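Some notes on the structure that comes next.
Since the structure is predicted, the reported quantities are computational estimates derived from the model, not experimental observations. One-based numbering, in listed order, for ligands and for the atoms of each. In what follows, residues are counted from 1 in the order of the sequence shown.
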Amino acid sequence: MTAEQLAEISEIVERRLGLRADDKRDILDGVLARRRDAGLYLARLAAGDAAELGALAAELVVGETYFYRHVEQLRAFAEVVAPERAAARGGRIAVLSAGCATGEEPYTLAMMLHGAVAADIAAVDVHPGALASAARGVYSSWALRAVPALVRERWFAPAGAAWSIAREIREAVAFHAGSILDEGPLLAPGRWDAIFCRNVTMYFTEPCARAVYQRFARALAPGGYLFLGHAETLRGRSEEFELCHSHGTFYYRRGESAAAAAPAPWYDQIRDASARVHALALPAGPPPAPPGEHNEISRLVAGERYGEALDRLARVPGDAPGALALRAIALAQQGPRDEARAACDAWLRADPRAAGAHYLLALGAESANDLVDARLHARRAAELDATFAMARLHLGLIARRLGELDAARAELQRALALLEHEPAERLALFGGGFRRAALLDLCRAELEAVAR
Ligand SMILES: C[S@@+](CC[C@H](N)C(=O)[O-])C[C@H]1O[C@@H](n2cnc3c(N)ncnc32)[C@H](O)[C@@H]1O
């Protein structure tokens, strides 16, 4: 096969399946080498031949899965999401397992909802062999390793050395073959109350991952939920979701409406109200750039699009106070630590009372496990601004990590009280992608963990 043919099949893999092809050159090489007429094969793939695409996917995908995987997310789904969505939908919800592999995930959802919430459960995967296994419903003990004993008793029957899933559960899930990048009714607007797409997009190219999240945002009803795997995040990749935290895990909720999903108009206030600017810990003063540009950069920072914000900041006068703050925030989230620290220092030279700069320095030190320095800066931030809830929250987290449980309790309680009143603008800039509700949940969970 030729270099052009390899490039062509790589392009099809990325575009139709979403998968990164650059680390799969050897496999793709082998796939082409086995074809008597590689040109014809490529033409069939390019024309969207479903059987060929499925067979190709089977060579490339990772199919690891098991029942009750990441059970804390499943509990959050069963205890928070499903009842909430059932109430919003008049009793019956619709759930999609996207990238369901051999069926363990959607069957687990069916078992958990059984007798509690009425649900239409669908599942899709691009691997035909995996779907055939799902339809058989027979599993090894290894696939059941995280299944609680009572659930095993209730829903599985021994089948030789394996386990056969109860017909009632098997019939509760409708399986579909296809790629989640395909157009089609499965991802029709507003169709789902919850989408599970765990451990799938981690293998995708960045543009395909973003495209899929965009499609999920559309396919979810307003207020619907998205569950990703632990190694996957929407951070900086979508503005349509808010981060949720409960049961010690994270997941996402789509905004209630297009208006709710759009960024709040607070960036206009940053420009207009010097009082608010002060509350943001941004030093008052003339904006560093034309107001429109300043607003746009603030919007990018709040939308966690730090790379783009830094690119634009590089083109405005760097020594003005507003630019110093935004640059420090963006670098603290995604820059090298040295640069982030230098940006905070520059901000503090311009305004020695910038609580936000100390807060960012605390975050940097905390992530580098320098808890002493982290505490020093978090304390300074809290002293400079007694209403700064997030500084208190971090003082609590640091104290907990240091094993100082009384101090942790006291700081977390203060954080909990302050969080209710933390200005939305400051949350958007400094919250690291967390909304108020998620931070409150985190605070409560931490308090529970340090309870006497
Ligand atoms: C690692 S498994 C994850 C299974 C399950 N979601 C879990 O977390 O346990 C990934 C699955 O995603 C499927 N997959 C990968 N790309 C896909 C695509 N473009 N469309 C549909 N399924 C896809 C693979 O076939 C594989 O079965």
Side-chain angles (χ1 to χ4, degrees), residues 9-21 23-24 27-28 45 48 50-74 76-77 95-112 121-136 139-140 142-147 173-187 192 194-216 219 225-233 249-251:
I9 195 170
S10 300
E11 190 274 328
I12 293 170
V13 164
E14 296 196 352
R15 182 165 47 83
R16 296 301 309 273
L17 303 175
L19 301 169
R20 281 191 305 271
D23 55 353
K24 298 184 180 66
I27 304 175
L28 294 174
L45 278 179
E52 290 290 16
L53 272 171
L56 177 60
E59 305 252 6
L60 302 171
V61 298
V62 175
E64 162 64 9
T65 184
Y66 53 93
F67 288 97
Y68 280 77
R69 185 178 200 177
H70 303 322
V71 71
E72 63 290 345
Q73 282 190 330
L74 300 167
F77 168 69
V95 187
L96 176 69
S97 163
C100 62
T102 36
E104 287 86 331
E105 181 178 85
Y107 285 147
T108 301
L109 298 174
M111 289 185 253
M112 293 188 85
I121 303 172
V124 60
D125 202 285
V126 75
H127 188 318
L131 291 174
S133 288
R136 271 194 305 278
Y139 295 93
S140 68
W142 183 239
L144 272 69
R145 61 193 180 275
V147 176
V173 179
F175 288 96
H176 302 262
S179 167
I180 49 177
L181 283 145
D182 292 343
E183 293 297 334
L186 204 62
L187 291 175
W192 305 104
I195 296 177
F196 282 76
C197 187
R198 303 187 302 166
N199 310 298
V200 178
T201 55
M202 62 196 277
Y203 304 105
F204 280 19
T205 64
E206 182 60 25
C208 285
R210 283 176 187 258
V212 163
Y213 300 146
Q214 201 60 39
R215 307 188 77 205
F216 288 165
Y225 288 84
L226 174 63
F227 289 82
L228 298 178
H230 286 343
E232 294 154 333
T233 177
T249 190
F250 297 103
Y251 46 101

If you count the atoms of ligand 1 from 1 in the order shown, which ones are under 4.0 Å from a heavy atom of [X]?
X    : value
V61  : 15 (C), 24 (C), 25 (O)
E105 : 5 (C), 6 (N), 7 (C), 8 (O)
H127 : 25 (O)

Provide the closest heavy-atom pair for [X] versus [Y] in the form atom of the first, atom of the second, distance.
X    : Y    : result
Y251 : A76  : CE2-CB, 3.6 Å
R16  : S179 : O-OG, 2.8 Å
F216 : A98  : CZ-CB, 4.0 Å
L228 : Q73  : O-NE2, 2.8 Å

### Mode of A101 contact toward ligand 1 - side chain, backbone, both, neither (heavy atoms, under 4.0 Å)
both

### Query
Under 4.0 Å from ligand 1, counting heavy atoms only, is it the side chain of D125, its backbone, both or neither?
both

Closest non-hydrogen protein atom to [atom], residue and atom name please, with distance?
atom                    : result
atom 22 (N) of ligand 1 : V126 N, 3.4 Å
atom 8 (O) of ligand 1  : N199 ND2, 2.8 Å
atom 5 (C) of ligand 1  : G99 O, 3.5 Å
atom 7 (C) of ligand 1  : R69 NH1, 3.2 Å
atom 3 (C) of ligand 1  : R198 O, 3.5 Å
atom 10 (C) of ligand 1 : V62 O, 3.2 Å

### Summary
For residues 121-133, the side-chain hydrogen bond (donor to acceptor under 3.5 Å, both in side chains) pairs (sequence neighbours left out) are S133-R136

### Query
Parallel under 30°, tilted from 30 to 60°, perpendicular over 60°: which one fits the rings of F77 and F227?
perpendicular

Look only at interatomic distance and state if [X] has a nitrogen or oxygen under 3.5 Å from any nitrogen or oxygen of ligand 1.
X    : value
Y66  : no
A98  : no
L17  : yes
I180 : yes
T65  : yes
S179 : yes

### Task
Would you check, one step at a time, whether the test side-chain contact (heavy atoms from CB on, under 4.5 Å) holds for L17 with L181?
CA-CA 7 Å; L17 303 175; L181 283 145; 5.6 Å; no

Side-chain donor-acceptor pairs of residues 56-68 under 3.5 Å, sequence neighbours excluded:
unit_1	atom_1	unit_2	atom_2	d
E59	OE1	R34	NH2	3.3
E59	OE2	R34	NH2	2.5
E64	OE2	R145	NH2	3.2

### Query
Would you say F204 touches ligand 1, if touching means a heavy atom closer than 4.0 Å?
yes

### Task
Assess G178 for proximity to ligand 1: is some non-hydrogen atom of it under 4.0 Å away?
yes

#### Entry: Any donor-acceptor N or O pair under 3.5 Å, side chains E105, S97
yes

### Task
Mark yes or no for whether E232, through its side chain, and T201, through its backbone, hold a donor-acceptor pair below 3.5 Å.
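Side chain of E232 to backbone of T201, a donor-acceptor pair under 3.5 Å: yes, one is there.
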
### Query
Does the R198 side chain pair with the main chain of R69, one donor and one acceptor, at a distance under 3.5 Å?
yes

### Sidechain N-carboxylate O distance under 4.0 Å for K24, E14
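No, no charged N to carboxylate O under 4.0 Å.
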
